[in-house]
Structure formats: C-alpha cells, structure tokens
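This report refers to the structure that appears directly beneath it.
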2 protein chains.
Amino acid sequence: MPTTKTLRTGSAQKRDAILDAARRLFIGDGFDRTSVDAVAAGAGVSKRTVYDYFGDKVTLLAAVVESAGKTLVATIDRTLTETLGGVTEAERLEDALVAFAEQIATQTLGSAEYATLLRLAHGLISLEGEILADEPEEAVAQRLAELADAGLLTAPDPRLAADHLIALTFSVVGNRYHSDVTPEKARPLLVAGVQAFLRAYRREA
Amino acid sequence: MPTTKTLRTGSAQKRDAILDAARRLFIGDGFDRTSVDAVAAGAGVSKRTVYDYFGDKVTLLAAVVESAGKTLVATIDRTLTETLGGVTEAERLEDALVAFAEQIATQTLGSAEYATLLRLAHGLISLEGEILADEPEEAVAQRLAELADAGLLTAPDPRLAADHLIALTFSVVGNRYHSDVTPEKARPLLVAGVQAFLRAYRREA
DNA sequence: ACTACACTACACCGTGCAGTGTAGTTTCTG
DNA sequence: CAGAAACTACACTGCACGGTGTAGTGTAGT
C-alpha cells in the first residue's frame with residue numbers, strides 16, 4: 001500500500017480547500033452535524049478524495065485543528081509585532097493592546113474560531129497537537145514579559161497575565177456574543193477589557 | 001388520530017431523573033453522541049417515557065438547559081449571600097470573592113457545565129429560555145453594584161465588572177483545564193483572578 | 001503512444017439512532 | 001373491585017451518514 005501519494009501540481013491546493021471547507025463547516029454546524037459529503041462538496045472535491053487524503057473524519061478534524069493552530073499562532077505573532085512592536089511609552093500601550101485584541105477577535109480565523117475548534121476536538125483527538133494547544137497564550141505571555149522588562153507593566157507571572165488579558169478581551173466577547181461577533185459590538189468590550197487589564201497590571205508610578 | 005399526545009406531568013421524580021441523566025450525558029459525551037436510549041437507560045426509564053415527557057430530543061435539551069439555568073442561578077444567589085453577605089470591610093473582600101468563585105467553579109452544576117450546555121444548545125434552540133441565559137451574570141452584577149454602593153468597589157458599569165470577574169475566574173479556569181477541573185488546580189488560579197479583579201476594581205483610597 | 005497516478009462519479013453496505021405503535025403490566029384512585 | 005393512567009418492553013420504520021470498492025476520465029511525464 002502506498003502510504004504517501006506523490007503530490008501532484010495543485011495537490012496542495014486541494015488539500016487546503018478540504019481543510020478550509022472542513023474548518024468552516026465544523027465551526028458553523030459542529031463536527032457531528034457536518035457530513036463528509038458536505039465537506040467534499042464545500043471543497044469542490046469528491047468524497048473519495050477526502051478519504052484518500054485524510055483517512056477518516058476524526059483525522060480530518062485533527063488536521064484542521066493543527067492547521068488552524070499554526071495559522072493562528074503565526075497571525076498572533078505578526079499582529080503582536082505590528083501593534084506592540086515599537087511601544088515604549090505607557091500612553092500608547094492601551095491603544096496598541098486594543099488594536100491587537102481587535103485584530104485577533106474579529107479575524108476570520110481568530111480566537112473565537114480556534115476556541116470552538118479546540119472544544120470540538122476535545123475528547124476525540126488523542127492529544128497529538130494538544131501540547132501546543134496553548135501556544136497562542138504563550139506567545140502573548142512572551143510579549144507581555146518584554147513589556148514588563150521595559151517597565152510598562154508589572155507582570156511577575158507573564159503567562160498568568162496573558163491568560164488574564166485573553167480572558168478580559170476574547171473570553172468576555174465570546175461569552176456575550178456566542179458566535180456572531182461583529183467589530184462594532186466587540187470594540188467597546190475590548191476597550192473596556194484592556195483598560196481593566198491595565199488597571200490590574202500597569203506599572204505603578 | 002395523529003394528534004399530539006398531551007405531555008404527562010405527573011411523577012416529577014421520573015422527570016427529574018431524565019433531566020439529570022440527560023444533563024450528565026449531554027455534557028460528558030455531547031448532544032449528538034448521546035442517544036435517547038442512553039438517556040433512558042441512565043434515568044432507569046423506558047425510552048418511550050422520555051418521548052412521552054419531552055416530545056423530542058431537542059426539546060429535551062431545551063428542558064435540560066432551562067432546568068440547569070434555574071438551578072445555577074439559585075446556587076449563585078445563595079452562594080453570593082453566604083460568602084458576600086455581611087462583608088463591609090475591604091480586607092475581607094478578597095477571601096469572600098475567592099470563596100464564592102471556588103464554590104461555583106467546582107460545583108457539579110457549576111459555571112463550566114452550564115457554559116458547556118449553552119454551547120450545546122446554541123443554534124439548536126430557538127431562543128426561548130435564551131433571554132435569561134445571562135441571568136447568572138446579572139446576579140453577580142447586582143451584588144457587585146451593592147459592593148460599589150458600600151464603597152468597596154469602583155464599578156460604574158456593574159454588568160461589565162461582573163463579566164470581568166467571571167472572565168478572570170471561571171473563564172481562565174475553563175480555558176486552562178477544559179473539562180477536568182479539580183479544586184486543587186483551580187484554587188490558585190481563582191485567587192490570582194480575584195486579586196487581579198480587585199486591582200482593577202478596588203476603590204482607590 | 002504508453003504508463004502511472006490523481007481524481008471523479010456512483011453504487012453500495014452496515015449501522016446507529018430518532019421517533020412511533022402497541023400490547024401488556026404495574027400503580028393509583030374512587 | 002373496577003377502571004384509568006403511568007409505564008415498560010419490544011418490535012419496527014426510515015433515514016442519514018461513515019466508509020469502501022470500482023470503473024472510468026483527465027493529465028503529466030517518458
């Protein structure tokens with residue numbers, strides 16, 4: 001049995017299309033309510049191809065989670081640099097954090113979608129990419145540690161601070177508007193969350 | 001006649017047993033992966049009785065959510081009174097909030113289970129008990145408003161403060177330990193969350 | 001042109017499960 | 001005791017879906 005098919009030009013595109021459709025449908029309709037036929041149709045591909053690529057439905061879910069995780073971490077890293085890169089003054093910190101939160105909260109593959117995926121996978125996937133499931137938090141933690149070193153924050157436990165920032169922004173938005181998040185509704189909540197975070201973690205003068 | 005059977009209302013014990021088994025199984029295995037046969041078996045009742053009581057599976061889920069919501073709100077109200085009832089000094093506020101959070105976070109039908117139920121119901125239930133889905137938050141908000149009136153907190157928007165307290169405690173715990181929460185693991189996180197909350201919302205001297 | 005392979009279309013199987021119908025048994029009540 | 005209501009046991013239908021097998025088509029490389 002040939003385990004790995006020799007990839008053809010354009011094969012990676014089909015794989016991505018399947019992953020994309022699966023992510024969209026899994027998040028929108030749930031894992032069990034999404035049929036593999038629907039995924040195939042959504043990807044413009046035959047069902048057989050889906051099975052040829054991923055073997056079974058659970059493996060497909062695992063691939064979706066892994067792919068989404070990598071994408072999200074990359075996005076977070078990039079966005080952190082864009083928004084918090086050159087911030088050295090306390091005055092600009094709030095705006096920068098709000099900008100970061102707004103990006104990640106309202107992105108197509110943002111914190112909400114990833115959280116949903118992790119919940120779908122929970123219990124079905126025998127923790128392979130699970131160890132890196134909290135990479136997003138770690139990325140934020142590292143950046144907060146740098147801000148603390150720069151004297152802008154007091155964060156003895158950066159990972160905890162990251163969890164708190166995430167909770168005050170993404171979790172609050174997620175709890176209020178369970179799936180249908182719009183930038184307009186999210187923004188005031190994000191601003192308030194960042195302000196509360198800064199009240200708790202700002203470096204005292 | 002294909003008329004609708006008038007749903008039976010007697011024997012509240014059996015009804016509760018069904019609700020209980022359904023909640024346990026829905027939360028543990030998910031809605032789609034839980035068969036009505038399993039619910040009936042778990043409740044020690046015939047499948048037919050389940051259908052006589054609740055009509056169909058989605059209606060059963062709705063009943064579970066409504067029942068759990070009422071129970072949770074009652075528990076929250078009681079626990080809030082027990083822990084925060086006579087608190088008028090800032091020194092005792094932290095311990096009281098931690099005690100409250102610990103109760104609700106580790107209870108059998110606590111914040112985590114209710115959040116899971118709301119997610120299961122989301123999209124399946126045409127918002128009947130949905131309007132009261134944020135009653136828990138409102139209950140906390142009301143109590144925080146009282147604490148603000150007593151001069152212990154600064155909370156211009158009590159509902160927002162409640163969302164932040166909930167996020168800093170229950171959401172953080174839920175994000176880290178997705179389903180398997182033990183009091184031992186939760187406690188330090190809850191203490192840290194309450195402390196962060198107080199840093200953000202304490203009345204400045 | 002030949003071969004190898006990615007891919008599709010489609011039929012097909014097995015199964016698990018929602019929901020129903022019903023006959024028979026227990027239990028409550030007048 | 002009589003009769004109704006609650007409940008069980010069980011058989012049964014219909015369907016959706018996961019997964020497979022296969023014959024055939026398009027396409028790339030030699």
Side-chain angles (χ1 to χ4, degrees), chain A residues 1-26 28-65 120-121 123-126, chain B residues 1-26 28-65 120-121 123-126:
Chain A
M1 286 294 291
T3 51
T4 52
K5 279 183 180 176
T6 48
L7 293 182
R8 195 176 168 180
T9 63
S11 279
Q13 291 176 9
K14 280 211 158 71
R15 205 189 128 94
D16 284 351
I18 296 169
L19 248 22
D20 223 60
R23 177 173 49 77
R24 203 175 54 243
L25 290 166
F26 287 166
D29 302 341
F31 179 72
D32 298 286
R33 269 181 295 280
T34 299
S35 68
V36 177
D37 291 270
V39 172
V45 145
S46 85
K47 175 162 80 159
R48 207 61 182 81
T49 301
V50 175
Y51 279 102
D52 284 342
Y53 269 103
F54 297 98
D56 62 28
K57 202 185 172 189
V58 172
T59 306
L60 172 60
L61 174 62
V64 167
V65 171
L120 292 182
L124 294 177
I125 295 176
S126 47
Chain B
M1 312 181 283
T3 61
T4 56
K5 264 185 188 174
T6 48
L7 297 183
R8 302 177 185 179
T9 50
S11 182
Q13 289 181 9
K14 280 213 158 70
R15 206 190 128 93
D16 284 351
I18 296 169
L19 248 22
D20 222 59
R23 176 173 50 77
R24 204 175 54 242
L25 290 166
F26 286 166
D29 302 341
F31 179 72
D32 299 283
R33 269 181 294 280
T34 299
S35 68
V36 177
D37 291 272
V39 172
V45 146
S46 85
K47 174 162 80 159
R48 206 62 183 77
T49 299
V50 175
Y51 279 101
D52 283 342
Y53 268 101
F54 296 98
D56 63 28
K57 202 184 172 189
V58 172
T59 306
L60 172 59
L61 174 61
V64 167
V65 171
L120 291 182
L124 293 178
I125 294 176
S126 48

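Throughout, a chain's letter reflects where its sequence line sits, starting with A, and its residues are numbered from 1.
- Paired with Val50(A) under the rule side chain to side chain contact (heavy atoms under 4.5 Å, CB included), one option of Asp37(A), Asp56(A), Leu60(A) passes, and it is Leu60(A).
- In terms of phosphate contacts, Tyr53(B) brings a side-chain nitrogen or oxygen within less than 4.0 Å of OP1 or OP2 of dC7(D).
- Atom CG of Asp52(A) is separated from atom P of dT22(D) by 14 Å (rounded to the nearest Å).
- Between the C1' atom of dG18(D) and the CG atom of Asp37(A) lies a distance of 9 Å, rounded to the nearest Å.
- Regarding Leu61(B), its CG atom lies at a distance of 17 Å from the P atom of dC17(C), rounded to whole Å.
- Across the strands present, dG29(D) finds its partner in dC2(C); the criterion is a Watson-Crick or G-U wobble pair with both atom distances under 3.5 angstrom.
- Here the P atom of nucleotide dC17(C) and the CG atom of Asp29(B) are 11 Å apart, to the nearest Å.
- Across all non-hydrogen atoms, the minimal contact from Phe31(A) to Lys57(A) is O-NZ, 2.9 Å.
- The two residues Leu124(A) and Leu61(A) make their nearest non-hydrogen contact at CD1-CD2, 4.0 Å.
- We find that CD of Gln13(B) is positioned 15 Å from P of dA6(D), with the value rounded to whole Å.
- In terms of position along DNA chain D, the nucleotide closest to Lys47(B) lies nearer the 5' end than the nucleotide closest to the other residue of the pair Asp32(A) and Lys47(B).
- Each of dA18(C), dG18(D), dT8(C) was ranked by its minimum atom distance to the side chain of Ser46(A); first place goes to dT8(C).
- Side-chain atoms of Leu19(B) and Arg23(B), non-hydrogen and from C-beta on, never get closer than 4.5 Å to each other.
- In terms of phosphate contacts, Thr49(B) brings a side-chain nitrogen or oxygen within less than 4.0 Å of OP1 or OP2 of dT8(D).
- The nearest whole Å value for the distance from the CG atom in Asp56(A) to the C1' atom in dG14(C) is 17 Å.
- In this structure, Arg48(A) places its CZ atom 13 Å from P of dC7(C), rounding to the nearest Å.
- In plain terms, the two heavy atoms of Phe26(A) and Leu120(A) that are nearest each other are O-CD1, 3.4 Å.
- The base of dG19(C) lies outside donor-acceptor range of the side chain of Lys57(B), with no N or O pair under 3.5 Å.
- Put simply, CZ on Phe54(A) is 15 Å from P on dG18(D), counting in whole angstrom units.
- Nearest nucleotide to the side chain of Tyr51(A), out of dC7(D), dT22(D), dG19(D): dG19(D).
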